[in-house]
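Notes for the one structure printed next.
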Amino acid sequence: MISVRRLRPDDERKDFRSGNIELDRFFLRYAGQNQFRHHIGTTYVAVEEGAIFGFATVAASELTSARIAAAARKRLPAYPIPVLRLARLAVDVRAQGWGVGLLLLRAVFALAYKMADEVGCLGVVVDAKPEAVEFYRKLGFVELDVVAGLLGDRPQPVAMFIELGAVERA
Ligand SMILES: CC(C)(COP(=O)(O)OP(=O)(O)OC[C@H]1O[C@@H](n2cnc3c(N)ncnc32)[C@H](O)[C@@H]1OP(=O)(O)O)[C@@H](O)C(=O)NCCC(=O)NCCS
């Protein structure tokens, strides 16, 4: 059975292939040092018998309340709001469609609840790749209001957010 745990220094990361070379390179070169040396982000891996099928990297972050939908914004103070950022998410091509992405997201939501209890957290934010927007939408993520001036010609990541209250309803 596949389970989710924190990345360990001796985890074998070089065989992981998600189909996205930047995500694979991040996992191989930076996930470890970000977690073990710099402490700026923690990676969780979906593993079974030592084989890694997917990973999710998270970090504490904040969101200006201006970017949150008007209805929710009314109940919030104007200063930046603490959130958990899903910085990277990838599943090995051999395991895509098995529910590993969902399993990792559940672990991320559990972390966000823990963060809410212990230090404060409104929800989870992600910069979704255009091809992954529907994956997040199905889980209840909504698009954040766009900050003017950020739109260009290249396909941009779509900033998406889910409040912890909406996780319960999903
Ligand atoms: C996107 C990704 C993380 C999804 O993980 P996964 O393990 O394949 O997804 P799951 O098997 O957990 O799927 C859960 C649900 O989402 C759906 N889904 C999966 N990928 C999807 C996509 N790209 N678009 C729309 N729906 C998607 C599944 O059909 C399933 O829906 P169902 O429960 O109604 O059947 C994975 O395909 C991946 O790593 N892709 C390449 C890298 C990438 O795009 N990462 C996202 C960076 S923001």
Side-chain angles (χ1 to χ4, degrees), residues 1-8 11-35 40-63 67-69 82-113 115 121-147 150-164 166-170:
M1 209 179 72
I2 298 176
S3 60
V4 177
R5 62 156 169 79
R6 260 195 303 256
L7 180 72
R8 294 176 188 150
D11 278 330
E12 182 55 79
R13 282 177 268 149
K14 69 172 175 19
D15 299 327
F16 185 85
R17 300 281 181 280
S18 69
N20 178 315
I21 199 158
E22 282 171 38
L23 287 169
D24 298 350
R25 191 175 297 146
F26 169 84
F27 188 51
L28 182 64
R29 298 206 189 143
Y30 302 111
Q33 67 184 49
N34 284 0
Q35 177 168 332
I40 54 172
T42 300
T43 293
Y44 289 79
V45 287
V47 286
E48 187 179 47
E49 291 170 8
I52 296 177
F53 291 107
F55 75 91
T57 303
V58 295
S61 188
E62 61 180 34
L63 207 58
R67 300 193 66 198
I68 297 169
V83 293
L84 183 64
R85 173 170 296 277
L86 174 56
R88 301 278 192 298
L89 173 72
V91 173
D92 193 285
V93 282
R94 291 166 296 180
Q96 286 178 10
W98 291 3
V100 175
L102 201 58
L103 192 69
L104 285 162
L105 254 300
R106 285 212 191 95
V108 168
F109 291 146
L111 282 172
Y113 275 107
M115 183 174 161
C121 175
L122 183 69
V124 177
V125 69
V126 64
D127 286 325
K129 299 192 190 313
E131 60 274 20
V133 166
E134 279 310 312
F135 170 77
Y136 292 109
R137 218 194 298 274
K138 272 188 188 169
L139 287 163
F141 282 80
V142 293
E143 287 179 33
L144 281 173
D145 292 347
V146 175
V147 176
L150 283 184
L151 291 176
D153 289 339
R154 284 197 314 147
Q156 295 286 335
V158 180
M160 300 183 85
F161 179 65
I162 186 167
E163 262 195 66
L164 286 182
V167 171
E168 275 161 26
R169 289 192 293 275

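Every number for a ligand or one of its atoms is a count from 1 in the order of the listing.
More than 12 heavy atoms of other residues, nucleotides or ligands sit less than 6.0 Å from atom CD of Glu48. Crowding of Arg6 atom CZ: a count of heavy atoms from other residues, nucleotides or ligands under 6.0 Å not exceeding 12.
The closest side-chain heavy-atom distance from Arg85 to Asp127 is below 4.5 Å. Contact of the Thr57 side chain with the Tyr30 side chain is not registered, since no non-hydrogen atoms from C-beta on lie closer than 4.5 Å. Proximity of Arg5 to Asp11: side-chain heavy atoms (C-beta onward) are separated by under 4.5 Å at one or more points.
Nearest-heavy-atom check against atom 1 (C) of ligand 1 across Ala132, Gly99, Gly54, Pro130 picks out Ala132. Heavy-atom proximity to atom 8 (O) of ligand 1, evaluated over Ser18, Gly101, Gly97, Ala56, is greatest for Gly97. When Arg88, Lys138, Lys129 are checked for heavy-atom proximity to atom 34 (O) of ligand 1, Lys138 turns out nearest.
Closest non-hydrogen pair, Leu164 versus Cys121, comes out as CD1-O, 3.8 Å.
The shortest N/O to N/O separation between Ala90 and ligand 1 does not fall below 3.5 Å. The shortest N/O to N/O separation between Val91 and ligand 1 falls below 3.5 Å. Considering backbone and side-chain atoms together, Ala128 places no N or O closer than 3.5 Å to any N or O of ligand 1.
Of all atoms in ligand 1, listed by their number and element, those nearer than 4.0 Å to a heavy atom of Trp98 are 11 (O). Listed by atom number, the atoms of ligand 1 under 4.0 Å from Glu134 heavy atoms are 24 (N), 25 (C). Residue Leu89 approaches ligand 1 through these ligand atoms, each under 4.0 Å from one of its heavy atoms: 3 (C), 45 (N), 46 (C), 47 (C). Close approach of ligand 1 to Glu131 (heavy-atom distance below 4.0 Å) involves ligand atoms 22 (C), 23 (N), 24 (N). Listed by number with element, the atoms of ligand 1 under 4.0 angstrom from any heavy atom of Tyr136 are 48 (S). Against a heavy-atom cut-off of under 4.0 Å, Leu102 is close to the following atoms of ligand 1: 12 (O).
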> Do Val108 and Tyr44 pass the side chain to side chain contact (heavy atoms under 4.5 Å, CB included) test, and can you show the C-alpha distance, the side-chain angles, and the key distance before you say yes or no?
Replying inline: CA-CA 9 Å; Val108 168; Tyr44 289 79; over 6 Å; no

> When you look at Trp98 and Val91, which way does the side chain to side chain contact (heavy atoms under 4.5 Å, CB included) test go after all the steps?
Replying inline: CA-CA 10 Å; Trp98 291 3; Val91 173; over 6 Å; no

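At least one protein heavy atom sits closer than 4.0 Å to atom 24 (N) of ligand 1.
Interatomic distance, CG of Leu7 versus CG of Asn34, reported as 10.5 Å (0.5 Å rounding).
Of all protein heavy atoms, the one lying nearest to atom 37 (O) of ligand 1 is Gln96 CD, 3.5 Å. In terms of protein heavy-atom proximity, atom 16 (O) of ligand 1 is nearest to Phe135 CD1, 3.3 Å.
Salt bridge present: Arg94 and Asp92 bring a charged side-chain N and a carboxylate O closer than 4.0 Å. Using a 4.0 Å cut-off between charged nitrogen and carboxylate oxygen, Arg137 and Glu134 count as a salt-bridge pair.
When non-hydrogen atoms are compared, ligand 1 lies under 4.0 Å from neither the backbone nor the side chain of Phe53. Residue contacts with ligand 1 for Leu23 involve side-chain atoms from C-beta outward but no N, CA, C or O (heavy atoms, distance under 4.0 Å).
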